[in-house]
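Take a look at the structure set out below.
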Amino acid sequence: MTDRVRASGSIRGRLLIQLLSGAGILALILFFVVQNFTKQLAEENQDNILRASVTSILDVAAVQNGQITIDIPYSAFSMLGNVSDDRVFYKITQNNIFLTGYDSLPDAKPAKSLSQPRVSTANYLGEEVRLVTSTRLLSNAGVPVLISVTIAQTRNGQKQTLAFISRRVSMLGFGFFAIAAILTVYSAQSTVRPLQQLAVSVSRRGPQDLRPVAAPIPREMVPLVDALNKFMGRLKKSLGQSEEFIAEAAHRVRTPLATVRTQAEVALHRVEQDENRVALREMIRAIDESSRAAGQLLDHAMVTFRTDYLEVQKLDLREMVFDLVENMRPVADLKDIVLNLENSSPLSIMGDSILIQNAVRNLIDNAIKYSPVESLVKLRFLQGPRKIGLIIQDEGIGFPKEDRSDLTKRFVRGSNVGGRIGSGLGLTIVDDVVGAHGGSLSIENNAKGNGACVTLCFPSS
Amino acid sequence: MRYLLVEDNLALAKAILDRMSLNGHVADHAARIGTANDYLKVSDYDLILLDIMLPDGDGRQLLKEYRANSGKTPIIALTARSQVSDRVGVLDLGADDYLTKPFDFSELEARCRAVIRRQGGAAENIKRFGNTVYDGVSGKLRVDDIPIRLRNRELRLLEIFINAPGQLFSKSKLVDRLFSYEDDVAENAIEVYVARLRKKLESSDLKIITERGMGYRLSLL
Ligand SMILES: Nc1ncnc2c1ncn2[C@@H]1O[C@H](COP(=O)(O)OP(=O)(O)O)[C@@H](O)[C@H]1O
Ligand SMILES: [Mg+2]
């Protein structure tokens with residue numbers, strides 16, 4: 001009756017994918033933005049130092065005695081020197097005539113630019129350099145002199161620093177992603193948790209527990225839980241009705257039968273004439289037959305109903321069988337049959353106690369019914385690694401040889417029954433109960449001597 | 001023995017009462033929980049037979065209250081519902097046993113006896129016949145103070161005689177009382193049990209007399 005529910009996608013999976021890809025994109029953006037920013041910063045820093053260096057050289061350019069003098073200050077290069085082992089080049093020209101430094105060093109471009117100082121990047125001696133060029137107009141005895149200073153510095157140190165920062169930034173990006181991922185998993189989990197809690201609290205209930213879900217739930221789940229509650233309400237009502245119906249039916253059928261039977265018994269003791277007595281005995285037999293059939297039918301209905309909504313709990317098979325045997329003793333006594341129950345340690349199984357009781361009762365009932373007076377019915381337990389069983393052996397007529405497997409079918413009675421009253425539902429009930437519990441039933445005859453040997457097995461818990 | 005029968009179906013109640021008096025028992029009858037409570041206040045019973053569905057409430061309620069007020073009398077519940085459909089078992093509520101209707105009267109008696117025996121039993125059920133003492137509750141027979149073991153059927157046969165000393169019972173009557181309606185027993189089968197009982201009563205002052213062609217009766221020497 002449990003059709004598998006078709007699953008399509010998962011809320012948590014979807015949440016995880018969406019949030020994680022969001023976090024990934026954010027981490028990448030973070031990486032590029034920070035890397036770009038630091039690169040700009042490093043370049044600006046170099047530019048500023050180069051500019052300051054150029055300016056400091058230009059500042060000391062002066063005209064003395066009609067001679068241009070430039071006394072390059074120590075600081076001009078020392079301020080550049082702090083960055084790793086980058087090489088520094090310079091060139092000073094006067095009216096575009098090379099004065100000192102590296103003759104081949106180009107000026108910063110564009111040459112026509114008006115802004116001072118000019119900054120650009122170029123390739124020099126096979127290395128990328130940053131160039132800063134600045135000019136200053138001096139006047140030598142009324143003649144304008146244009147002093148131009150260019151300083152260049154390779155960018156190795158900067159590149160190293162950038163690579164270093166890149167690594168750091170990428171680690172930062174990864175760290176960001178990792179934290180985001182943890183938070184994502186956590187939040188996906190906590191989003192799905194109310195759903196899981198609901199599922200657990202509903203599935204953990206016994207099948208008879210149809211109370212509405214009362215635990216607080218997130219607002220978004222209210223419609224779902226509301227529908228679930230309403231559905232359970234309807235189910236509870238209809239289940240209650242069918243149970244009530246079976247019980248009521250039993251009552252309706254049995255009470256009048258009990259009256260008639262008792263009256264017939266009383267009459268039987270009063271009448272003297274043999275043919276009346278025979279008739280009354282027949283009548284009582286018929287009543288027993290119908291009441292037994294009615295009882296077994298209703299029991300069977302109830303058992304079918306209960307196996308559909310199996311309510312398992314831990315129970316001790318030994319204690320249950322012990323109580324049942326005590327309960328059946330007076331009936332066995334009527335035929336002077338001794339019920340002999342072998343002792344055992346507690347045997348715990350998972351099951352519906354009323355169903356299992358009913359099954360065992362049916363088996364003991366059969367053993368008594370199909371046994372002669374003054375005989376012995378032996379009950380003993382079977383304790384395997386995974387199974388727990390009960391073996392019931394009697395000294396009665398035994399199962400018929402043919403069609404033994406049919407005896408568990410509805411209304412099927414053996415060819416051996418003779419005048420014994422029965423409905424053919426007893427073993428059906430036993431089989432249903434055993435089936436619902438994942439157990440097994442075997443009906444055989446004793447290897448030695450007369451009588452049946454019925455074995456009932458349940459998985460141990 | 002003194003019974004209280006709580007049963008709302010009057011026809012059934014009357015039949016049960018009739019059947020009980022046949023076995024020499026005394027019984028009061030209450031059709032409602034209220035009446036039953038009144039009876040329980042004023043008299044002592046050896047046993048209570050309690051129907052579960054009653055017009056003024058659930059018999060299980062009476063059961064619970066009676067036990068809560070430390071009522072000790074054994075109670076056998078009579079239920080028309082099946083065991084399978086009763087969620088709260090009557091045994092858990094303090095009943096000593098239960099029977100589903102319709103029931104075989106011999107089974108009822110057997111269960112009553114078992115329940116009373118478990119409780120210790122009332123003393124006034126002891127009957128004396130010369131050197132023979134019979135305790136109807138525990139089902140124990142003593143001759144010259146020596147306990148005699150009887151099988152169930154022998155005991156029931158003896159009880160039939162003892163409840164009506166001197167009365168003549170035909171074989172077929174005894175068959176009706178002793179055998180279930182399932183077995184197709186020949187009347188001769190009763191002879192086996194009479195013979196056995198006679199043997200056990202060998203040294204007793206009680207004797208089973210055969211009236212040729214009529215049946216048997218019990219007589220005191
Ligand atoms: N202990 C037993 N000994 C011999 N035969 C048995 C025993 N138990 C069951 N059977 C056979 O199995 C048949 C089916 O049993 P069951 O379903 O209980 O129906 P029934 O009402 O006839 O007892 C019986 O009619 C009988 O032939
Ligand atoms: Mg059966």
Side-chain angles (χ1 to χ4, degrees), chain A residues 208 243-244 246-248 250-266 268-270 272 274 277 280-282 284-285 287-288 291 295 298-303 305-306 323 326-327 329-336 354-355 357-358 361 369 373-374 418-421 429, chain B residues 7-19 21-23 51-53 78-87 89 91 97-115 118 151-156 170 172-173 175-184:
Chain A
Q208 307 296 331
E243 273 196 85
E244 210 29 60
I246 296 175
E248 180 69 22
H251 181 75
R252 292 289 164 113
V253 172
R254 284 180 157 149
T255 308
L257 281 176
T259 312
V260 180
R261 193 193 195 281
T262 314
Q263 280 172 342
E265 268 196 67
V266 174
L268 187 59
H269 290 294
R270 294 210 173 115
E272 295 296 340
D274 273 354
R277 280 189 41 259
L280 279 168
R281 280 182 73 93
E282 286 299 317
I284 291 174
R285 266 188 62 92
I287 293 166
D288 278 355
S291 70
L298 294 165
D299 275 4
H300 184 245
M302 204 68 204
V303 165
F305 177 81
R306 283 184 79 118
D323 288 347
E326 283 314 305
N327 188 268
R329 249 186 237 293
V331 185
D333 263 356
L334 289 177
K335 281 176 82 173
D336 282 315
I354 291 191
L355 288 183
Q357 265 180 43
N358 199 268
R361 175 188 297 273
K369 188 161 74 177
V373 292
E374 291 163 28
R420 296 174 184 80
I421 292 168
I429 291 177
Chain B
E7 164 64 64
D8 64 318
N9 185 312
L10 292 182
L12 178 58
K14 180 168 182 310
I16 295 176
L17 292 178
D18 282 353
R19 183 67 182 74
S21 69
L22 270 178
N23 284 24
D51 184 24
I52 291 304
M53 285 197 191
L78 303 177
T79 157
R81 291 158 166 262
S82 99
Q83 235 274 305
V84 202
S85 55
D86 270 331
R87 193 131 289 161
L91 297 184
D97 206 345
Y98 65 88
L99 262 177
T100 11
K101 295 179 197 173
F103 43 84
D104 186 329
F105 215 86
S106 327
E107 184 181 341
L108 174 66
E109 274 205 314
R111 290 194 179 278
C112 290
R113 185 174 296 128
V115 156
R118 235 180 290 156
R151 286 181 185 273
N152 187 278
R153 283 204 174 155
E154 296 158 10
L155 190 104
R156 272 154 58 213
S170 67
S172 51
K173 273 258 157 100
V175 166
D176 288 343
R177 305 269 305 253
L178 217 52
F179 294 94
S180 103
Y181 304 96
E182 287 190 38
D183 325 316
D184 264 327

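Per chain, numbering begins at 1; letters A, B, ... match sequence-line order.
For the atom pair CG (A:D336) and CZ (B:R153), the distance works out to 6.5 Å, reported to the nearest 0.5 Å. Interatomic distance, A:N327 CG to B:L91 CG, rounded to the nearest 0.5 Å: 7.0 Å. For the atom pair CG (B:L78) and CZ (A:R254), the distance works out to 12.5 Å, reported to the nearest 0.5 Å. If you take OG1 on A:T255 and CG on B:N9, they are separated by 6.5 Å, rounding to the nearest 0.5 Å.
Applying the side-chain contact (heavy atoms from CB on, under 4.5 Å) test between A:E265 and each of B:L22, B:D18, B:I16, B:D104 identifies B:D104 as the sole match.
Residue contact with chain B, scored on non-hydrogen atoms closer than 4.5 Å, is absent for A:R252. Only the side chain of A:I284 comes within contact range of chain B, with at least one heavy atom under 4.5 Å from a heavy atom of that chain. Of the two parts of B:D97, only the side chain, counted from C-beta on, holds a non-hydrogen atom closer than 4.5 Å to a non-hydrogen atom of chain A. Only the backbone of B:S180 comes within contact range of chain A, with heavy atoms under 4.5 Å apart. When heavy atoms are compared at a cutoff of 4.5 Å, A:E272 approaches chain B solely by way of its side chain, counted from C-beta outward. For A:R261, the part lying near chain B is the side chain, with the backbone staying farther off; criterion is any non-hydrogen pair under 4.5 Å. Neither the backbone nor the side chain of A:V253 comes within less than 4.5 Å of any heavy atom of chain B. Heavy atoms closer than 4.5 Å to chain A are found in the side chain of B:A114, but not in its backbone.
Interface summary for chain B: among A:D288, A:L334, A:T262, A:I421, the most heavy-atom pairs under 4.5 angstrom belong to A:L334. The choice from B:A11, B:A15, B:P102, B:S106 that makes the most heavy-atom pairs within less than 4.5 Å of chain A is B:P102. Heavy-atom pairs under 4.5 Å with chain B were tallied for A:Q263, A:R281, A:R285, A:R329; the largest tally goes to A:R281. Between chain A and the residues B:E107, B:R151, B:R156, B:K173, the largest count of heavy-atom pairs under 4.5 Å involves B:R151.
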### Query
Where do A:V331 and B:R111 land on the side chain to side chain contact (heavy atoms under 4.5 Å, CB included) test, with the steps shown first?
CA-CA 8 Å; A:V331 185; B:R111 290 194 179 278; 3.2 Å; yes

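Of all heavy-atom pairs between B:S172 and A:D274, the closest is OG-OD1, 3.9 Å.
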